[in-house]
Engineer: 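Sending over a structure as structure tokens; questions will come in a sec.
Labels below follow one simple rule: chain letters A, B, ... track the order of the sequence lines, proteins then strands, and each chain is numbered from 1.
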There are 2 protein chains.
Amino acid sequence: MGGKKSHIANQIKRIRVARTDLTQAELARRVGATRQTIIAIEAEKYSPSLELAFRLSHVLGEPLEELFQFSGEWG
Amino acid sequence: MGGKKSHIANQIKRIRVARTDLTQAELARRVGATRQTIIAIEAEKYSPSLELAFRLSHVLGEPLEELFQFSGEWG
DNA sequence: GCGTAATGTCAAATATATGTTACATCACCT
DNA sequence: AGGTGATGTAACATATATTTGACATTACGC
């Protein structure tokens, strides 16, 4: 995107282990992604596509805005 | 992503014209993207990154879950 | 100690989103 | 009729996300 620095944090790992008993592999399977993708996203190497974000939110039972937090310059 | 069909609809164009007086170019500028990207997203040729989705939500003053609707197979 | 499940790392290939540039149309105004 | 702003389309280049496959580590049960 255009040169605006920003970062999106997420609570996926925390919620996955705290509120579910899902393994990374199981979560990956349920959202239709691979384990590597889950690992990368939990480690915040990059942020998921909007579609994957919706799926994670659904499977983990946590609203989008609570699962993910935008931090950086807005405008 | 893994082979699960889904689509993400959005209310960007509707809200942009109804609730703001922003032109596509102005909206693009404020979210730090290009006009082409806005056009493609409004036409739902593809869905934005999570980061761009957050920015659009912020600039348009509409919560993520109302700006975008997931439709397709969940699991 | 050995096997296994869960987690993590790395590299390369493919898919998708975004940028860049150029051109077309339509409406409005003078 | 000509000019301007807003919108749309298209092709190509770049950046980012996702997959695939191989391998390392840590923890736990047998």
Engineer: Between the side chain of R35(B) and the main-chain N/O of A28(B), is any donor-acceptor distance below 3.5 Å?
Structural biologist: no

Engineer: Find the distance R29(B):CZ to dT18(C):C1' and express it as a whole number of Å.
Structural biologist: 19 Å

Engineer: Starting at CG of L56(B), measure out to CD1 of I12(B) and round the result to the nearest 0.5 Å.
Structural biologist: 4.5 Å

Engineer: Where do M1(B) and G32(A) come nearest, in terms of heavy atoms and distance?
Structural biologist: CE-O, 3.8 Å

Engineer: Please work out which residues in residues 12-25 of chain B have a non-hydrogen atom less than 4.0 Å from an atom of DNA chain D and list them by number.
Structural biologist: K13(B), R16(B), T23(B), Q24(B)

Engineer: CD1/I39(B) to CD/Q36(B) distance, rounded to the nearest 0.5 angstrom?
Structural biologist: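 Going from the CD1 atom of I39(B) to the CD atom of Q36(B) covers 5.0 Å.
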
Engineer: Would you grab the first and last nucleotide of DNA chain D (5' to 3') that comes under 4.0 Å of any non-hydrogen atom in chain B?
Structural biologist: dA6(D) to dT19(D)

Engineer: Return the CD to CD distance between Q24(A) and E26(A), rounded to the nearest 0.5 Å.
Structural biologist: 12.0 Å

Engineer: Where along residues 30-61 of chain B does a heavy atom fall under 4.0 Å from DNA chain D?
Structural biologist: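 Result for residues 30-61 of chain B: R35(B), Q36(B), I39(B), K45(B), sorted by number.
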
Engineer: Give a yes or no on whether the backbone of L64(A) and the side-chain of E65(B) come within a donor-acceptor separation of less than 3.5 Å.
Structural biologist: yes

Engineer: From I8(B) CD1 over to L50(A) CG, what is the distance, rounded to the nearest 0.5 angstrom?
Structural biologist: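 Result: 4.0 Å between the selected atoms.
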
Engineer: Any heavy-atom pair between the side chains of T20(B) and V59(B) that's under 4.5 Å?
Structural biologist: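 Heavy-atom side-chain distance check fails, nothing below 4.5 Å.
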
Engineer: With rounding to the nearest 0.5 angstrom, report the CD1 to CG distance, I15(B) to L22(B).
Structural biologist: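 One gets 12.0 Å once the value is rounded to the nearest 0.5 Å.
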
Engineer: Under the side-chain hydrogen bond (donor to acceptor under 3.5 Å, both in side chains) rule, what do E62(B) and Q11(B) come out as? Steps first, then yes or no, please.
Structural biologist: CA-CA 9 Å; E62(B) 191 81 2; Q11(B) 314 298 322; over 6 Å; no

